[in-house]
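The next block holds one structure in the form of structure tokens; read it before the comments.
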Amino acid sequence: MFKNHLVDKLTVSDYPEILNLWESSVRATHHFLSEADIQVYKLLISTEYLDQLKLYGVRTDQHILGFIAINRKQIRLLFILPEVRGTGIGIALINYVYQHLGVNEVDVNEQNKQACDFYNYLGFVITERSEIDAIGKPFPVISMKLP
């Protein structure tokens with residue numbers, strides 16, 4: 001369906017669409033989060049994280065289908081619209097940041113089995129595990145790296 005998967009740099013003007021995409025994706029994949037948790041992360045992403053990260057996305061017809069956010073050599077966020085998951089957008093984004101920017105690390109919620117399986121499929125290996133996430137919430141995080 002989406003053959004080319006051209007990756008573009010995203011800007012501040014894309015933030016509202018990125019945030020909507022993030023929320024849609026989280027609601028489809030992060031069933032372990034409560035509504036209150038989603039609102040906490042949404043606020044953090046919109047007020048702090050987006051400005052601290054380099055953002056890249058795949059678009060069609062001026063709509064963002066998926067995005068990746070990086071900091072140094074680490075993927076901090078990778079989210080795809082639920083209706084286009086499985087079309088290669090996530091792989092295209094990871095390939096782009098790996099090939100062009102040398103990004104080869106990711107932290108992933110252990111409870112998000114689909115994401116863990118996706119990174120395993122791509123060859124990422126577990127390097128460590130934490131019982132809490134980056135803001136101290138009790139959601140175990142697995143750190144992974146491409147060898």
Legend entry - Backbone of A115 reached by a side-chain donor or acceptor of N112 within 3.5 Å: yes
Legend entry - Residues in ring pair (Phe, Tyr, Trp, His ring centres under 6.0 Å) contact with F139, at least two apart in sequence or another chain: F32
Legend entry - Sequence-distant partners of D8, side-chain hydrogen bond (donor to acceptor under 3.5 Å, both in side chains), two or more places apart: none
Legend entry - Results of salt bridge (Lys or Arg N to Asp or Glu O under 4.0 Å) for R85 - residues two or more places apart only: none
Legend entry - Contacts of type salt bridge (Lys or Arg N to Asp or Glu O under 4.0 Å), residue E131, not counting sequence neighbours: R129
Legend entry - Non-neighbouring partners of F124 that pass ring pair (Phe, Tyr, Trp, His ring centres under 6.0 Å), sequence neighbours left out: Y119
Legend entry - Partners passing side-chain hydrogen bond (donor to acceptor under 3.5 Å, both in side chains) against T47 (at least two apart in sequence or in another chain): none
Inset, instruction - Taking Y56 for its side chain and V97 for its backbone only, find out whether a donor-acceptor pair lies under 3.5 Å. - result: no
Inset, instruction - Answer whether the closest heavy-atom distance between the side chains of V141 and V108 falls below 4.5 Å. - result: no
Inset, instruction - List in chain and number order the residues that pass salt bridge (Lys or Arg N to Asp or Glu O under 4.0 Å) with D117, two or more places apart in sequence or in another chain; answer none if no residue qualifies. - result: K113
Legend entry - Residues which pass side-chain contact (heavy atoms from CB on, under 4.5 Å) with E128, listed by chain and number, not counting sequence neighbours: S143
Inset, instruction - Would you kindly confirm whether I142 and Y121 end up in one hydrophobic cluster when ILVMFWY residues are joined by side chain heavy atoms under 4.5 Å apart? - result: yes
Legend entry - Non-neighbouring partners of K54 that pass side-chain hydrogen bond (donor to acceptor under 3.5 Å, both in side chains), sequence neighbours left out: none
Inset, instruction - Report whether V125 and M144 are members of the same hydrophobic cluster (ILVMFWY, side-chain heavy atoms less than 4.5 Å apart, transitive linking). - result: no
Inset, instruction - Determine whether the side chains of Q52 and N71 contain a donor N or O and an acceptor N or O closer than 3.5 Å. - result: no
Legend entry - Non-neighbouring partners of E23 that pass salt bridge (Lys or Arg N to Asp or Glu O under 4.0 Å), sequence neighbours left out: R27, K42
Legend entry - Side-chain donor or acceptor of D14 paired with backbone N/O of T11 under 3.5 Å: yes
Inset, instruction - Could I get the full list of ring pair (Phe, Tyr, Trp, His ring centres under 6.0 Å) partners for H100, not counting sequence neighbours? - result: Y96
Inset, instruction - Verify the cluster assignment for L78 and L101: are they in a single hydrophobic cluster under the rule of side-chain heavy atoms below 4.5 Å apart? - result: yes
Legend entry - Listed partners of S46 passing side-chain hydrogen bond (donor to acceptor under 3.5 Å, both in side chains), at least two apart: none
